[in-house]
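Quick note: residue numbers are just sequence positions, from 1.
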Amino acid sequence: MNFKRVLKNIIVFVAMMIILVINIVPTVSKASSKGYGLAFDYDQDIDYTNTEDKNTYSSVGMTCTYSETSSAYYVARVFGVDGERFDYSHGYEYTFYEGTSQNMLNWVRENGCSKACVRGIGYNIDSEYGTVFTGEWSPDLY
């Protein structure tokens with residue numbers, strides 16, 4: 001009888017943990033994900049993501065999910081937007097290929113700016129057709 005009670009408690013606990021994980025984890029991992037497409041026409045061409053509200057002092061998260069050219073990549077920095085774009089990366093740059101994810105340090109909120117975007121500079125870009133990258137980025141990590 002005692003063994004049945006312990007087994008029942010373990011099953012109830014595991015079921016509660018599964019329900020908790022199913023309901024919480026997707027919400028946290030998908031918090032404020034914004035899709036983007038960066039397009040570069042030639043090497044060292046510059047493009048920016050959309051501008052989004054930045055509410056926290058956390059890093060900016062970015063994932064590159066697709067590149068039209070396998071050898072192409074871009075180097076990204078975080079910018080604050082207050083009428084104009086300001087480089088608040090303090091020199092930190094991050095390289096993105098297809099399948100890359102990074103948490104990018106920045107000082108957007110520390111400089112009193114409430115909006116952010118990411119600037120990318122393309123390299124090994126297809127000289128005839130250009131290269132498009134797609135992915136998601138999050139101005140606030142939770």
Side-chain angles (χ1 to χ4, degrees), residues 3-142:
F3 175 74
K4 286 183 179 180
R5 176 182 267 177
V6 170
L7 184 60
K8 178 183 171 187
N9 287 339
I10 290 172
I11 290 172
V12 168
F13 177 75
V14 169
M16 287 186 335
M17 293 308 291
I18 289 172
I19 291 169
L20 182 69
V21 168
I22 288 172
N23 288 318
I24 292 177
V25 171
T27 305
V28 171
S29 65
K30 292 293 183 182
S32 75
S33 291
K34 310 291 181 185
Y36 73 87
L38 294 176
F40 304 100
D41 294 326
Y42 51 86
D43 275 359
Q44 298 186 22
D45 189 14
I46 296 173
D47 196 9
Y48 293 87
T49 63
N50 48 318
T51 299
E52 299 291 340
D53 291 335
K54 177 129 181 73
N55 300 307
T56 68
Y57 293 91
S58 65
S59 296
V60 167
M62 186 173 229
T63 300
C64 178
T65 56
Y66 174 76
S67 169
E68 284 185 323
T69 306
S70 62
S71 64
Y73 64 96
Y74 63 93
V75 176
R77 286 183 172 210
V78 179
F79 277 62
V81 181
D82 188 13
E84 297 179 47
R85 295 182 189 114
F86 300 97
D87 185 350
Y88 290 134
S89 65
H90 286 249
Y92 287 98
E93 294 184 326
Y94 301 87
T95 302
F96 289 89
Y97 296 86
E98 183 175 317
T100 321
S101 291
Q102 302 277 352
N103 290 331
M104 301 186 292
L105 292 174
N106 68 89
W107 285 261
V108 172
R109 292 295 297 175
E110 289 83 349
N111 283 286
C113 200
S114 63
K115 295 188 179 287
C117 69
V118 176
R119 181 194 74 185
I121 300 176
Y123 295 94
N124 288 345
I125 303 303
D126 182 313
S127 59
E128 187 173 349
Y129 300 107
T131 302
V132 172
F133 296 89
T134 59
E136 290 185 339
W137 77 287
S138 177
D140 297 311
L141 298 181
Y142 295 99

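By the side-chain hydrogen bond (donor to acceptor under 3.5 Å, both in side chains) test, Q102 pairs with no residue at all, sequence neighbours left out. In this view, T100 satisfies the side-chain hydrogen bond (donor to acceptor under 3.5 Å, both in side chains) rule with no residue, not counting sequence neighbours. V132 meets the side-chain contact (heavy atoms from CB on, under 4.5 Å) test with A39, E68, T134; sequence neighbours excluded. Residues passing the side-chain contact (heavy atoms from CB on, under 4.5 Å) test with S101, sequence neighbours excluded: T63. By the salt bridge (charged side-chain N to carboxylate O under 4.0 Å, His left out) test, D53 pairs with K115, sequence neighbours left out. Considering only residues two or more places apart in sequence or on other chains, T131 meets the side-chain hydrogen bond (donor to acceptor under 3.5 Å, both in side chains) condition with T69. Legend: residues meeting side-chain contact (heavy atoms from CB on, under 4.5 Å) with D41, ordered by chain and number and at least two apart, are D45.
Of the possible donor and acceptor atoms, none in the side chain of D47 sits under 3.5 Å from a partner among the backbone N and O of L38.
The minimum heavy-atom distance linking C117 with T51 is given by the pair CB-OG1, 4.0 Å. K54 approaches R109 most closely through the heavy-atom pair O-CD, 3.0 Å. The shortest heavy-atom contact between G135 and T65 is CA-OG1, 3.4 Å. Taking all atoms of both residues into account, the shortest heavy-atom contact from K34 to P139 is CG-CD, 4.3 Å.
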Which side-chain N or O atoms in residues 118-130 pair as donor and acceptor under 3.5 Å with protein atoms at least two apart or in another chain?
residue: N124; atom: ND2; partner: S71; partner atom: O; Å: 3.1
residue: D126; atom: OD1; partner: E128; partner atom: N; Å: 2.8
residue: D126; atom: OD1; partner: Y129; partner atom: N; Å: 2.9

Side-chain polar contacts of residues 72-80 - donor-acceptor pairs under 3.5 angstrom, sequence neighbours left out - could you list them?
residue: Y74; atom: OH; partner: Y36; partner atom: OH; Å: 2.6
residue: R77; atom: NE; partner: E93; partner atom: OE2; Å: 3.0
residue: R77; atom: NH1; partner: D87; partner atom: OD2; Å: 2.6
residue: R77; atom: NH2; partner: E93; partner atom: OE2; Å: 3.3

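Aromatic ring orientation, F40 versus F133: perpendicular (interplanar angle above 60°, classes split at 30° and 60°).
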**Request:** Show your reasoning for whether side-chain contact (heavy atoms from CB on, under 4.5 Å) applies to S59 and L105.
**Result:** CA-CA 5 Å; S59 296; L105 292 174; 3.8 Å; yes
